[in-house]
Amino acid sequence: MLKIDSINVYYGNIQALQGVSLEINQGEIVTLIGANGAGKSTLLKTISGLLKPKQGELLYENVSIAGKPAQTIVKRGISHVPEGRRVFANMSVEENLELGAYLRKDKAGIEEDFEKVYQLFPRLKERSKQMAGTLSGGEQQMLAMGRALMARPKLLLLDEPSMGLAPILVKTIFDIIKQINKDGTTILLVEQNANMALSIAHRAYVIETGKVVLSGTAEELNASDQVKQAYLGGH
Ligand SMILES: Nc1ncnc2c1ncn2[C@@H]1O[C@H](COP(=O)(O)OP(=O)(O)OP(=O)(O)O)[C@@H](O)[C@H]1O
Ligand SMILES: [Mg+2]
């Protein structure tokens, strides 16, 4: 579905990604593990068109999307939930969700997806008229995910969805990610919580200072000493 081949991405003179290659097959949950500053968010931003690779290729459904405008990429079926849940604080839950569907014209489909999102996140339905800025952190994360789903993506990019959430809510969010995947959406998941991420992912990549240093099935990485040492607390 997505094939990234040897991309180099820079911020000015600083190289943030060095020859990164990665593949995502339809139906998978793929997780990207790495320390702070490794380049995880940079990779997601490059896929969603917010950054342009200087070299390398990005093929989505066999068509190059490298450097295409973000809006074009959303239209093609890729939605990005950025780090730190950027919801529109002065708009209601409902209005935020409507905005997620702004590129769509299929009214009936949009209605269907409202129902789906409210089913996945009953809390959002209860709070549909509340201003997004007054939601709790966890509720804002749900809203950010719900808004991305309103674009009916084929590929969903999630940047640290569990950040700052209480353990019970982390479990809920991971259960919902699994459910979204079961319903047919392919997922690229960036997580600091490597344990949880590997427990739901099919495959994983480890990224260190802008380079992919390890990849394999979730089971393989779970069993890897290198991963245990650096990302699973050494157990
Ligand atoms: N706008 C920017 N301008 C300059 N450098 C940047 C910019 N954004 C990120 N970087 C640098 O690029 C590198 C990769 O950053 P990135 O945000 O992709 O890391 P990350 O893996 O997502 O980290 P974290 O887990 O802390 O979110 C870091 O060294 C960071 O300082
Ligand atoms: Mg990040």
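Whatever order the structure lists them in is the order used to number ligands and atoms, beginning at 1.
- Surrounding CD of Gln26 are at most 12 heavy atoms belonging to other residues, nucleotides or ligands under 6.0 Å away.
- Note on Glu160: not counted as a metal contact of the Mg ion (ligand 2), no N/O/S atom lying under 2.8 Å.
- Contact check for Leu99 versus Phe88: side-chain heavy atoms found under the 4.5 Å cut-off.
- Of the inter-residue distances, the one linking Leu198 atom CG with Ile33 atom CD1 reads 4.0 Å to the nearest 0.5 angstrom.
- For the Mg ion (ligand 2), the N/O/S atoms of Ser41 include one lying under 2.8 Å.
- Val81 is connected to Phe114 through a chain of hydrophobic side-chain contacts under 4.5 Å among Ile, Leu, Val, Met, Phe, Trp and Tyr, so both are in one cluster.
- No side-chain heavy atom of Leu188 sits under 4.5 Å from any side-chain heavy atom of Leu158.
- The N, O or S atom of Glu83 with the smallest distance to the Mg ion (ligand 2) is OE1.
- Salt-bridge formation is detected for the pair Glu112/Arg152: a Lys NZ or Arg NE/NH1/NH2 atom is positioned less than 4.0 Å from an Asp or Glu carboxylate oxygen.
- Protein residues with a heavy atom closer than 4.0 Å to ligand 1 are Tyr11, Ala16, Ala35, Asn36, Gly37, Ala38, Gly39, Lys40, Ser41, Thr42, Glu83, Glu160, Gln192, listed by chain and number.
- Counting heavy atoms from C-beta outward, Thr42 and Tyr11 have side chains that approach closer than 4.5 Å.
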